[in-house]
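Residue numbers run from 1 in the order of the sequence given.
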Amino acid sequence: MSLSAHAASPTVNWSRFALVGPGTVLAAVAANVLLYFAAGAVVAYNAEFLPLASVGGAIIMTLAPAIVAVLLYAALLRFTRHPAGIFTIVSAIALIISLIPVFTYIPTVPGVTNAQTAVHVLLHVVAASVIVASLTSIRTTSWES
């Protein structure tokens with residue numbers, strides 16, 4: 001009986017990824033659009049505060065990072081053995097970095113209120129949560145040869 005283990009190579013269900021990737025982008029954008037309008041019912045958005053002046057800003061500023069996240073996760077799936085863990089750590093760091101201007105620069109922007117800043121933070125957190133939860137549902141599978 002041999003005690004040596006044959007290293008199994010991780011495989012990815014790329015057809016599932018082809019569905020989950022774009023679905024992740026759409027889900028993140030949809031979640032932030034819903035949050036934008038729900039928060040707008042409670043918080044008066046000041047038209048001077050451009051980040052929340054229209055839903056278009058929330059859409060564009062969610063769309064771009066979500067696409068980058070999907071591409072990054074595809075690369076991690078392809079080239080690493082622990083894509084979900086690495087992606088979660090990278091995403092947490094990216095979220096923290098994305099919040100730095102919200103707490104340093106945004107308070108100096110004309111028309112901003114504390115309530116609008118809170119909505120802005122929530123938009124970041126919701127997008128990150130949806131993206132990480134959706135993408136990390138795709139994992140590599142080890143197959144014994």
Could you tell me the separation between the [atom1] atom of [X] and the [atom2] atom of [Y], rounded to the nearest 0.5 Å?
| X | Y | atom1 | atom2 | result |
| --- | --- | --- | --- | --- |
| Leu77 | Trp14 | CG | CH2 | 5.0 Å |
| Leu99 | Thr117 | CG | OG1 | 11.5 Å |
| Asn13 | Leu19 | CG | CG | 9.0 Å |
| Ser54 | Ile59 | OG | CD1 | 8.0 Å |
| Leu63 | Asn32 | CG | CG | 11.0 Å |
| Thr88 | Leu76 | OG1 | CG | 10.0 Å |

Problem set entry | Residues forming a side chain to side chain contact (heavy atoms under 4.5 Å, CB included) with Leu34, sequence neighbours excluded |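 Testing Leu34 for side chain to side chain contact (heavy atoms under 4.5 Å, CB included), a comparison that skips the adjacent residues, returns none.
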
Exercise. Sequence neighbours excluded, which residues qualify as side chain to side chain contact (heavy atoms under 4.5 Å, CB included) partners of Val90?
Worked result: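 Testing Val90 for side chain to side chain contact (heavy atoms under 4.5 Å, CB included), a comparison that skips the adjacent residues, returns Leu72, Ile86.
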
Report yes or no: do [X] and [Y] belong to one cluster of Ile/Leu/Val/Met/Phe/Trp/Tyr joined by side chain heavy-atom distances under 4.5 Å?
| X | Y | result |
| --- | --- | --- |
| Tyr73 | Val68 | no |
| Val126 | Ile106 | yes |
| Ile96 | Val102 | no |
| Met61 | Leu122 | no |

Considering all heavy atoms of both residues, which atom of [X] and which atom of [Y] are nearest to each other, and what is their separation?
| X | Y | result |
| --- | --- | --- |
| Leu135 | Gly21 | CD2-CA, 4.4 Å |
| Ala31 | Val130 | CB-CG2, 4.0 Å |
| Ala53 | Ala47 | CB-O, 3.8 Å |
| Ala127 | Ala28 | O-CB, 4.4 Å |
| Thr62 | Ala58 | OG1-O, 2.6 Å |

Exercise. Remaining members of Ile93's ILVMFWY cluster at a side-chain heavy-atom cut-off under 4.5 Å?
Worked result: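 For the cluster that includes Ile93, the remaining residues are Ile89, Ile97.
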
Closer than 3.5 angstrom, by distance alone: can the side chain of [X] be matched with the main-chain N or O of [Y] as a donor-acceptor pair?
| X | Y | answer |
| --- | --- | --- |
| Tyr36 | Leu52 | yes |
| Tyr45 | Leu50 | no |
| Ser137 | Ser134 | yes |

Side-chain heavy atoms of [X] within contact of [Y], under 4.5 Å:
| X | Y | result |
| --- | --- | --- |
| Phe17 | Thr24 | no |
| Ser91 | Ile131 | no |
| Phe87 | Thr80 | no |

Atom pairs and distances, donor-acceptor, side-chain atoms in residues 107-114, under 3.5 Å, two or more places apart:
unit_1 : atom_1 : unit_2 : atom_2 : d
Thr108 : OG1    : Tyr105 : O      : 2.6
Thr113 : OG1    : Gln116 : N      : 3.1
Thr113 : OG1    : Gln116 : NE2    : 3.3

For this session: Would you list the pairs meeting ring pair (Phe, Tyr, Trp, His ring centres under 6.0 Å) in which at least one residue belongs to residues 111-133, sequence neighbours left out?
Result: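 Checked against ring pair (Phe, Tyr, Trp, His ring centres under 6.0 Å) - neighbours excluded - the pairs reaching residues 111-133 are His120-His124.
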
For this session: Please list, chain by chain and in numerical order, all residues satisfying ring-ring contact (aromatic ring centres under 6.0 Å, His included) with Phe49, sequence neighbours excluded.
Result: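 Once residues adjacent in sequence are excluded, Phe49 has no partner under the ring-ring contact (aromatic ring centres under 6.0 Å, His included) criterion.
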
